[in-house]
Amino acid sequence: MVGLLVTGCSGDPQQPRPETDAAKQSSDFLDASVACMRERGWDIEIHEDDSWYAPGVSEEQYDAYVADTNECQEQNETIEQPEDVSAERWKSGYDAVVESAECLRDRGYDVPKAPSFQAWKDSFFAGGGANQWLPWGFVPVPSMSADDFTSLEKVCPQVEL
């Protein structure tokens, strides 16, 4: 089963966003995940682009923070089958992935050129989605400090599909 979730997509924060089913689902996911993290004692800040993080997480707290983040997101994630995603969402997701890859490259990370839109989309259907092309998969996150990770993610938001 392949889960699709787009987070951290950049856009014009001055433009109002229509409240589509996908936007409502994303908003509910954000609200529930942030509430879960706060219940676990994390001070969570939400950005205008709906990305969130806990400022001041020390290196000693980082593993616990990541574990809590994963658990809270898994609890609140709605699994959507790739075949149920609209053509518009596929296109906006691809655009966000390409933008994230460019941002990471601009900061010195070795992220290969994005595949074509069709090859990228097909990667979600092949092999149960295990080979999805996502630019953050090329970032050596385990070797980064918590502060470096938070700073990079703030500038180049992750896009998870």
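Numbering of residues begins at 1 and proceeds along the displayed sequence. Everything numeric here is computed off the predicted structure, so don't read it as measured data.
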Taking only residues two or more places apart in sequence, or in another chain, which ones meet D95 in a side-chain hydrogen bond (donor to acceptor under 3.5 Å, both in side chains)?
K91
Only counting residues at least two apart or in another chain, list the ones meeting side-chain hydrogen bond (donor to acceptor under 3.5 Å, both in side chains) with E39.
none
Side-chain atoms of residues 58-65: list all donor-acceptor pairs with protein atoms under 3.5 Å, sequence neighbours left out, distances to 0.1 Å.
unit_1, atom_1, unit_2, atom_2, d
S58, OG, E60, N, 3.4
S58, OG, E60, OE1, 3.3
S58, OG, Q61, N, 3.2
S58, OG, Q61, OE1, 3.3
Q61, OE1, S58, N, 2.9
Y65, OH, A54, N, 3.4

Just how far is it from atom [atom1] of [X] to atom [atom2] of [Y], taken to the nearest 0.5 Å?
X	Y	atom1	atom2	result
I46	S33	CD1	OG	10.0 Å
D122	F117	CG	CZ	9.0 Å
Q118	W90	CD	CH2	9.5 Å
I44	R38	CD1	CZ	7.0 Å
C36	D31	SG	CG	13.0 Å

State which residues pass salt bridge (charged side-chain N to carboxylate O under 4.0 Å, His left out) with K154; sequence neighbours excluded, sorted by chain then number.
none
Applying salt bridge (charged side-chain N to carboxylate O under 4.0 Å, His left out), can you list everything that pairs with R40, at least two apart in sequence or on another chain?
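Salt bridge (charged side-chain N to carboxylate O under 4.0 Å, His left out) list for R40, sorted by chain: D68, E71.
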Would you give me the side-chain donor-acceptor pairs under 3.5 Å for residues 137-149, sequence neighbours excluded?
unit_1, atom_1, unit_2, atom_2, d
S143, OG, P140, O, 2.9
S145, OG, D148, N, 3.0
S145, OG, D148, OD2, 3.3

Taking only residues two or more places apart in sequence, or in another chain, which ones meet T150 in a side chain to side chain contact (heavy atoms under 4.5 Å, CB included)?
Y53
Can you list the residues that meet the side chain to side chain contact (heavy atoms under 4.5 Å, CB included) rule with A119, with sequence neighbours excluded?
P115, S116
Test item: side-chain donor near acceptor, E74 and N70, under 3.5 Å
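No, no side-chain donor-acceptor pair sits under 3.5 Å.
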All N/O donor-acceptor pairs, side-chain side in residues 102-114, below 3.5 Å, sequence neighbours left out:
unit_1, atom_1, unit_2, atom_2, d
R105, NE, V111, O, 2.7
R105, NH2, P112, O, 3.0
R107, NH1, C103, O, 3.1

Donor-acceptor pair, W136 side chain versus C156 backbone, under 3.5 Å?
yes
